[in-house]
Amino acid sequence: MRQSQLFGRTLRDNPADAQIPSHQLLARAGFIRQLGAGLFTLMPLGSRSSLKIEQIIREEMNAVGGQEMDMPLVQPAELWQESGRYEALAGRELLAFKDHNGRENVLAMTHEEAVTTHARTEISSYRQLPLTAYQIKLKFRDELRPRAGLIRVREFKMKDAYSFHADEAGLDETYERMYDAYARIFERCGVPAVSVESDPGMIGGTAAHEFMLVTPSGEDRLALCKGCDYTANAEIAVFEKGKRSFGDPLPMEEVSTPNCETIAEVADFLSVPTAQTIKAVLYMSEDGLVFAGIRGDLEVNETKLANAVGKALRPAEDSEIRAAGIVPGYASPIGAEPSLIVGDDSLLDQTNGVAGANRKGFHFKNVNMPRDFAWDICADIALAQDGSPCASCGGALEAANGIEVGNIFKLGVKYSEAMGATFLDENGRQKPIVMGCYGIGVGRLLASAVEANYDADGILFPVSVAPFQVHIVPVGRGKAVQEAADALYEKWTDEGFEPLYDDRNESPGVKFKDSDLIGLPARVTVSERTLAQDAYETKLRRATDREIVPIEEFNLQALLDEARRLEAE
RNA sequence: CGGGGCGUAGCGCAGUCCGGUAGCGCACCUGCUUCGGGAGCAGGGGGUCGGUGGUUCAAAUCCACUCGCCCCGACCA
């Protein structure tokens with residue numbers, strides 16, 4: 001490609017809206033342009049990199065037996081009503097609209113409904129299983145809040161794969177293969193992703209992993225063990241809470257605790273450790289007020305709590321709390337009437353705890369379970385925090401942020417049961433097909449590749465993801481230089497390489513700055529100075545030094561191999 | 001949806017408080033010079049100041065409404 005003809009130019013300043021490195025660099029280098037909130041155009045450079053990533057994904061999906069297919073973006077709303085997701089999502093992330101005949105349609109935010117529809121008509125026998133299909137297809141999600149450039153957008157390409165199995169064991173096998181394929185994809189894209197255990201959600205999935213690029217720009221919170229290989233999304237991370245017992249149970253008594261509305265204030269006032277207190281956090285579910293109790297030195301994890309309750313939750317408002325007979329700041333389940341009481345398992349060992357008295361300015365001392373109150377559910381609902389002890393090895397969990405570049409998910413029979421996708425097993429029994437689903441956001445992966453590979457001058461593209469392989473930069477306007485550069489460009493193009501040729505009438509400084517910004521893995525400079533030595537000058541983007549290479553010895557393939565070697569370091 | 005911020009030329013910004021000819025840098029065009037890390041000189045083109053309505057002799061500036069974008073939060077199948 002001749003750069004003088006390239007659609008999309010570099011910018012000297014960061015767009016004011018861009019906050020994170022990948023957004024700033026991709027915009028400045030001319031890869032992306034914003035069209036609206038969460039709506040980005042991939043300019044030719046961006047499109048080329050995206051296609052490179054898609055091809056890597058395609059190869060790895062094919063390698064594990066995936067069959068590529070292509071399902072519609074626009075789908076009948078009935079499909080989504082059938083699966084039960086329409087009511088929950090339409091008008092929120094799921095964009096619903098009428099066509100000219102008044103039919104209700106949606107823009108697909110994912111394709112479980114469509115693929116399950118096909119599975120139920122195409123699959124009828126265990127002999128057809130297992131089967132894996134995938135597509136690389138546009139998705140539309142009307143995100144409540146798009147953000148961070150390509151990280152969270154409304155319209156994006158996603159590789160979504162779906163596997164179908166006769167039983168859980170078959171699913172496990174494909175899940176493992178997908179896991180390995182994912183690891184290869186991210187490695188090939190230059191993204192050092194770590195896999196973390198993630199929330200299978202309330203929909204009955206049995207396991208899920210997310211692949212994360214650990215970076216401060218990420219919006220997911222992770223818990224990574226420094227001592228062993230335990231990694232998890234903070235939403236579900238488990239940790240060692242330790243046993244905190246405070247002597248043999250004593251009779252419960254009410255004590256005056258004026259102006260003690262926080263755990264710290266109460267513990268301080270009564271001279272007890274925070275672990276001897278009982279923290280109350282109140283949520284609302286569709287069934288009413290949910291009281292969550294946890295040892296005072298811990299925090300409630302809302303995702304874990306919601307999973308334990310099996311309902312969506314939101315923080316309760318003061319009026320709702322008071323309606324159940326609970327006094328904010330002095331809350332406890334004693335003498336109150338929430339619709340559900342959930343206790344963290346950290347309370348199992350606690351004795352003589354301090355809980356609110358549901359009376360302003362008073363707490364109970366020596367509260368003991370189950371003598372003084374009972375809970376409906378006991379579960380792990382605690383939030384892992386930076387430094388929490390690892391449940392596996394006792395080492396410290398480290399809190400980190402990450403960008404979720406992909407996920408794999410054991411769906412089980414949620415969709416096949418809801419939509420009647422069944423098969424006959426070898427005994428002639430009708431069973432729901434066991435399913436898995438596996439997603440990778442292509443644009444997000446591109447952004448992550450940049451997020452993981454840049455320096456102060458610009459992007460450091462891995463060869464695999466770079467829009468072009470080599471940047472030809474002629475310096476000086478002499479005829480000899482131009483002819484030599486033209487010849488190089490044509491030679492490499494003919495040989496099947498992908499050169500970007502900066503044939504613009506720009507000063508050397510501008511060309512070098514732009515070259516660093518765009519970040520192709522290799523740069524070859526042609527100038528009077530180099531031609532005088534019958535040589536080219538090479539500079540790998542990741543290398544610190546330039547080299548003069550005699551023309552007759554020049555080998556572009558070797559240069560690119562060296563670039564790959566530097567990437568691996 | 002709650003909170004905050006911002007909309008002035010392709011990009012980055014000043015001007016708004018305190019109403020009075022719409023500016024700066026970069027980018028772009030022409031000419032000359034220059035040519036190894038974002039060149040110089042000279043000339044030039046480009047803006048319904050997000051939109052609508054109002055106040056006023058006069059509105060980028062004041063008022064009302066509205067649209068858009070960004071950030072924090074809620075949410076994230």
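Sequence lines set the chain letters: A, B, ... in the order given, protein chains first and strands last, and positions in each chain run from 1.
Between Phe211(A) and Tyr182(A), the ring planes are tilted. Angles from 30° to 60° get that label. In this structure, His23(A) and Phe40(A) have perpendicular ring planes: the angle between them is above 60°, well past the 30° mark.
In this entry the distance linking CE of Met109(A) with P of C75(B) reads 16 Å, nearest Å. The distance from atom CG of Leu11(A) to atom C1' of G38(B) is 13 Å, rounded to the nearest whole Å.
Residue-level contact check: Arg154(A) touches neither bases nor backbone, having no heavy atom under 4.0 Å from any strand. At a threshold of 4.0 angstrom between heavy atoms, the contacts of Glu112(A) with the nucleic acid are absent. Using a 4.0 Å heavy-atom cutoff across all strands shown, Glu143(A) reaches at least one base atom of the nucleic acid. Within 4.0 Å (heavy atoms only), Pro146(A) reaches sugar-phosphate atoms of the nucleic acid but no base atom. Residue contacts shown for Ala148(A) are limited to sugar-phosphate atoms, with no base heavy atom under 4.0 Å away. Residue contacts for Arg523(A): at a heavy-atom cut-off of 4.0 Å it reaches a base atom on one of the strands shown. The residue Thr530(A) sits close to a base: some heavy atom pair falls under 4.0 Å. Among the heavy atoms of the strands, none lies under 4.0 Å from Arg92(A). Nucleic acid contact for Glu113(A): none, since no nucleic acid atom lies under 4.0 Å from a heavy atom of the residue. When heavy atoms are screened at a 4.0 angstrom cut-off, Arg85(A) is found touching the sugar-phosphate backbone but no base atom.
Checking G12(B), C69(B), C71(B) against the side-chain heavy atoms of Gln19(A) singles out C71(B) as nearest. When distances are taken from the side chain of Arg145(A) to each of G73(B), C76(B), G38(B), the shortest belongs to G73(B). Each of C26(B), C70(B), G36(B) was ranked by its minimum atom distance to the side chain of Asp17(A); first place goes to C70(B). Taking the side chain of Asp514(A) as heavy atoms from C-beta on, and the options A74(B), G38(B), G36(B), the nearest nucleotide is G38(B). Side-chain proximity of Arg546(A) to the nucleotides C75(B), G37(B), A27(B) is greatest for G37(B).
In this structure, Arg48(A) satisfies the cation-pi test against Phe468(A), with its NZ or CZ atom closer than 6.0 Å to the six-membered ring centre and inside 45 degrees of the ring normal.
Look at Arg444(A) and Glu210(A) and you find no salt bridge, because none of the NZ, NE, NH1 or NH2 atoms lies under 4.0 Å from a carboxylate O.
Side chains of Ser195(A) and His209(A): no donor on one and acceptor on the other come within 3.5 Å.
Of the two residues contacting RNA chain B, namely Val510(A) and Glu404(A), the nearest-nucleotide position lying further toward the 5' end is that of Val510(A). Between Asp220(A) and Lys511(A), it is Lys511(A) whose nearest contact on RNA chain B lies nearer the 5' terminus.
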